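See below for the structure under consideration.
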Amino acid sequence: MATAAEKEGVVLLDFWVSPFGQRCRIALAEKGVEYEYKEENLSDKSPLLLKMNPIHKKIPVLIHHGKPICESLVIVQYIDEVWSNNPLLPSDPYERAKARFWADFVDKKVYECGTRLWKLKGEAHEEARKDMIEILKLLEGELGDKKYFGGETFGFVDVAVAPFTAWFYTYETCGKFSVDEECPKLAAWAKRCKERESVSKSVHDPHKVYEFVGKLKKKFGLE
Ligand SMILES: N[C@@H](CCC(=O)N[C@@H](CS)C(=O)NCC(=O)O)C(=O)O
């Protein structure tokens with residue numbers, strides 16, 4: 001008998017620690033979609049990944065009835081359109097544009113700055129530290145006193161940012177700052193997100209993420 005995942009025809013090519021992959025896992029969980037999870041070895045990519053994402057050759061890739069969808073934010077929007085229960089994007093066009101803007105902000109700023117923070121040393125590291133605090137404060141400004149970025153409901157921007165909460169510990173340790181102290185509202189939001197099953201089952205233990213970054217540092221000869 002076909003499993004629920006086979007019936008839905010959904011496969012996710014992913015890598016456990018990827019914040020981009022975690023976005024897709026959170027969105028699928030929010031919608032209650034069953035899927036087959038396939039862990040990729042990024043140093044020896046599978047023929048399936050190379051076939052499904054020949055342009056970027058990156059995870060995540062969502063395969064739906066044999067057809068690939070690439071790029072995490074595109075995937076989350078696709079999931080939101082195909083499974084329309086528990087909408088993630090707001091219905092108002094202006095609010096929708098704003099949500100896309102902030103998700104794009106996260107893509108352009110957080111990951112890149114986080115990488116500088118654990119890779120660089122000296123002045124460049126100090127600059128990354130300042131940038132990260134500023135980026136998190138800008139995010140906190142957008143969150144304001146709302147429960148979620150999406151307002152009363154967990155939405156698109158929440159899905160885009162939530163995986164990075166597992167990286168906060170790494171950013172804090174490498175940058176010697178505290179998200180709790182610098183951005184208390186953002187820290188409280190991160191805790192609220194963690195209480196959601198969709199997030200807690202998709203996002204990894206921050207210490208494991210830190211350990212993973214330690215291995216990357218060794219691999220790149222940074223220690
Ligand atoms: N913009 C892409 C970024 C995806 C990405 O950077 N994936 C990384 C893992 S976190 C990857 O597959 N890297 C393999 C490589 O670059 O060869 C998205 O949002 O999906």
Side-chain angles (χ1 to χ4, degrees), residues 10-31 33 35-64 67-82 88-89 96 99-120 128 132 135 139 149 155-171 174 193 198-199 202-220 222:
V10 183
V11 177
L12 182 67
L13 308 185
D14 204 344
F15 178 63
W16 70 277
V17 78
S18 167
F20 307 106
Q22 287 169 33
R23 284 176 175 167
C24 306
R25 282 176 248 162
I26 294 172
L28 289 164
E30 283 288 328
K31 302 285 184 172
V33 179
Y35 61 99
E36 187 187 345
Y37 179 93
K38 287 195 175 172
E39 178 80 358
E40 278 290 327
N41 173 357
L42 295 180
S43 355
D44 182 19
K45 295 172 185 170
S46 72
L48 183 63
L49 174 60
L50 300 177
K51 182 174 162 209
M52 292 293 161
N53 191 355
I55 309 290
H56 297 303
K57 303 175 179 66
K58 289 185 179 189
I59 58 90
V61 179
L62 186 82
I63 308 172
H64 191 202
K67 290 190 287 190
I69 302 105
C70 302
E71 289 294 312
S72 62
L73 293 179
V74 176
I75 296 172
V76 174
Q77 292 180 64
Y78 177 84
I79 292 169
D80 201 30
E81 285 173 16
V82 173
L88 295 170
L89 273 157
R96 211 160 51 229
R100 289 188 178 121
F101 171 86
W102 282 104
D104 180 61
F105 171 85
V106 175
D107 268 14
K108 292 196 167 112
K109 298 284 188 179
V110 181
Y111 190 66
E112 181 274 337
C113 185
T115 308
R116 279 193 283 135
L117 201 52
W118 65 259
K119 265 195 174 168
L120 303 179
M132 182 55 89
I135 289 165
L139 274 175
F149 284 93
F156 185 63
V157 181
D158 298 285
V159 174
V161 190
F164 289 94
T165 59
W167 287 73
F168 280 2
Y169 175 71
T170 300
Y171 299 156
C174 296
C193 288
S198 66
V199 176
S202 310
V203 169
H204 282 272
D205 175 2
H207 294 91
K208 283 210 164 135
V209 175
Y210 184 67
E211 240 174 65
F212 171 77
V213 169
K215 283 185 192 148
L216 281 184
K217 278 180 161 181
K218 277 200 188 107
K219 185 173 156 192
F220 293 122
L222 297 170

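Both ligands and their constituent atoms are indexed starting at 1 by order of listing. Bear in mind that the values here come from a model prediction, so they are computed numbers and not experimental data.
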Quick one: sort the Trp102 and Phe105 rings into parallel, tilted or perpendicular, breaks at 30° and 60°. perpendicular

Under 4.0 Å from one or more heavy atoms of Ser18, ligand 1 contributes atoms 10 (S)

Among protein heavy atoms, which lies nearest atom 15 (C) of ligand 1, and at what distance? Lys45 NZ, 3.4 Å

Could an N or O of ligand 1 be found under 3.5 Å from any N or O of Ser72, whether backbone or side chain? yes

So, Glu112 and Lys108, do they make that salt bridge, N to O below 4.0 Å? no

Would you say Tyr37 and Trp16 make side-chain contact, with heavy atoms under 4.5 Å? yes

Could you tell me whether Arg23 and Asp107 make a salt bridge, using a distance below 4.0 angstrom between a side-chain N and a carboxylate O? yes

What is the nearest protein non-hydrogen atom to atom 13 (N) of ligand 1, stated with its residue, atom name and distance? Lys58 CG, 3.9 Å

Can you confirm whether or not the ring centre of Phe212 sits under 6.0 Å from the ring centre of His204? no

Any N or O of Ile59 that comes nearer than 3.5 Å to an N or O of ligand 1? yes

Exercise: identify the closest heavy-atom pair between Leu89 and Arg96: CD2-CG, 3.6 Å

Nitrogen or oxygen of Glu71 less than 3.5 angstrom from that of ligand 1: yes

Examine the proximity of ligand 1 to Glu40 and report which part, side chain or backbone, both or neither, has a heavy atom under 4.0 Å away. neither

